[in-house]
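Take a look at the structure set out below.
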Amino acid sequence: MQIVKKLNRLKQIIRHIKKEGKKIGFVPTMGALHEGHLSLIRQARRDNDIVVVSVFINPIQFNRKKDFRSYPRTLARDTRIASKAGAHLLFAPSAAAMYPPGFQTTVEVAALSKTLEGKFRPGHYRGVATVVAKLFHLVQPDTAYFGQKDAQQASVVRRMVQDLNFDLSLKTMPTVREQDGLAMSSRNRFLSSEARRSSRALFLSLQEGKRLIELGECRRDVVEKRMRAVIRKVPFSRIDYAVIVDPETFEKVPLIQGKVLALLAVWIGQVRLIDEMLILSPRARR
C-alpha cells in the first residue's frame, strides 16, 4: 500500500488512475481504525479497482479543543490494518496542507446541520462537510463509503453531494457492533471497565424501542420515554438525546409509521457515545 501526505502527489496519482479507467472507492476516516472502518474498506475493495483511505483528524469539526487534542493518533497501526483490509493508497495530509494560511471557505448543509448532533456540537457538520468536499475533489472517487452509526453525518454528506452535483455515489454500510451490541467507535477505548459495562445500555435502549414499535406502539413520546428509562438504569449515564425521527429529515415524527430512525447520544462517564437503529413499523407492512 502506498502512503501519500502531499496534496499534489495525490493529484498526480489520481490522474494516472483515472487515465487508466479504473474505479476508485474512497473511505474517509479520522484514523484510530476499528472493525467498522475495515468493513467499509473491504466493501470498497469488492466494488472497485482501487481503494483510497484517508486518515485526517479534522480540526475544524471539533467544537472542544480538548477533544481534538485527545483524539487517538495511531497512524502506524492504521496503515498496517488498512493495507491488510485491502486499501491500495492511504492519504494522510497535515492540517497545514488542508487548511493553509488564508483558508476561509466552508461548506454548510443548512437544516440538517442544526438539529440533534448539530445542536449539541455547534459547527461540527460545517467542519465535516468542508473537509469531505475537499477530500472528494482530491480523491475523485466513483463511490464513497460511510457507516450508518453516524447516520446524521451520512445524511449531511448525501445532501451535500446532491446539492453540489458531485459526480459520485455514496454507500452507507450497517453499523458494526461488539458481541454485546455496543457500536464500534474509536471512543470506546476511553471507557473504564465499569463504564464499558454500562455502555451496553445504548444497544438495549434501541432494542427496547424496536420491540415497542414492532408491537404496534405508534406514540413517539411513549417509545422515547421507555428508551430513556433503559439508559437511566445504569450508572455513569447522562442522556443528550434519545429520539425517534424521520430518517430523511431527522425531524421528530408526529406518529410512528413506516421507516423511522432511533437515535441516541449518551455520556457514559466522561465518554460521549452515539448509536442508531433503523426500524420498520408494522403499519408499513400492511
Side-chain angles (χ1 to χ4, degrees), residues 1-58 61 75-100 103 105-107 109 125 127-151 153-176:
M1 182 180 70
Q2 189 170 5
I3 303 171
V4 177
K5 296 186 177 183
K6 301 295 185 182
L7 273 62
N8 285 339
R9 177 58 180 153
L10 176 68
K11 291 177 182 179
Q12 291 174 354
I13 294 170
I14 295 299
R15 280 197 295 269
H16 181 72
I17 293 170
K18 290 290 185 178
K19 188 176 181 180
E20 292 185 336
K22 293 180 178 179
K23 290 174 60 179
I24 299 175
F26 178 45
V27 181
T29 84
M30 292 207 300
L33 302 185
H34 51 70
E35 184 58 35
H37 298 112
L38 301 184
S39 70
L40 302 182
I41 296 171
R42 294 188 193 105
Q43 185 63 50
R45 181 64 184 262
R46 288 191 287 269
D47 296 345
N48 301 275
D49 303 305
I50 300 294
V51 177
V52 178
V53 175
S54 64
V55 172
F56 178 63
I57 303 172
N58 180 31
Q61 71 184 67
L75 184 59
R77 176 183 173 275
D78 294 340
T79 300
R80 184 172 64 255
I81 64 176
S83 177
K84 189 174 180 180
H88 298 90
L89 188 152
L90 188 140
F91 178 50
S94 66
M98 292 294 283
Y99 305 115
F103 184 90
T105 302
T106 59
V107 179
V109 179
Y125 285 126
V128 169
T130 300
V131 75
V132 171
K134 285 176 68 68
L135 289 168
F136 283 172
H137 282 304
L138 289 164
V139 177
Q140 298 181 46
D142 294 275
T143 307
Y145 297 79
F146 292 83
Q148 177 64 24
K149 180 177 74 72
D150 296 310
Q153 173 179 280
S155 188
V156 166
V157 173
R158 189 172 301 279
R159 184 76 263 170
M160 179 189 74
V161 165
Q162 293 173 354
D163 289 352
L164 299 184
N165 306 109
F166 279 92
D167 188 17
L168 58 90
S169 298
L170 296 181
K171 185 171 282 191
T172 305
M173 303 300 295
T175 299
V176 177

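In what follows, residues are counted from 1 in the order of the sequence shown.
A distance of 8.5 Å separates OH in Y145 from OG in S169, rounded to the nearest 0.5 Å.
A 4.5 Å side-chain heavy-atom check between F91 and V55 finds every atom pair outside the cut-off. Residues K11 and R15 are in side-chain contact: their nearest non-hydrogen atoms beyond the backbone lie under 4.5 Å apart. Contact annotation: the side chain of L135 approaches that of M98 to within less than 4.5 Å [non-hydrogen atoms, C-beta and beyond]. Contact of the V131 side chain with the F56 side chain is registered, since non-hydrogen atoms from C-beta on lie closer than 4.5 Å.
With hydrogens and angles ignored, the 3.5 Å screen pairs a side-chain donor or acceptor of S39 with a backbone N or O of G36.
Residues forming a side-chain hydrogen bond (donor to acceptor under 3.5 Å, both in side chains) with R158 (at least two apart in sequence, or on another chain): T172. Annotation: ring pair (Phe, Tyr, Trp, His ring centres under 6.0 Å) contacts of F166 (sequence neighbours excluded): F136, H137. Listed by chain and number, the residues in a side-chain hydrogen bond (donor to acceptor under 3.5 Å, both in side chains) with K171 are D47 (sequence neighbours excluded). Applying the side-chain hydrogen bond (donor to acceptor under 3.5 Å, both in side chains) rule to Q140 yields no partners; only residues at least two apart in sequence or on another chain are considered. Listed by chain and number, the residues in a salt bridge (Lys or Arg N to Asp or Glu O under 4.0 Å) with D142 are K18 (sequence neighbours excluded).
Under the 3.5 Å distance criterion, with hydrogens and angles disregarded, a donor-acceptor pair is assigned to the side chains of R9 and Q12. A donor-acceptor contact under 3.5 angstrom links the side chains of H16 and E20, judged on distance only.
Sorted by first and then second residue, the pairs that involve residues 24-39 and meet salt bridge (charged side-chain N to carboxylate O under 4.0 Å, His left out), not counting sequence neighbours, are E35-R42.
Aromatic ring pairs are classed by plane angle as parallel below 30°, tilted from 30° to 60° and perpendicular above 60°; the pair Y99 and F103 is perpendicular.
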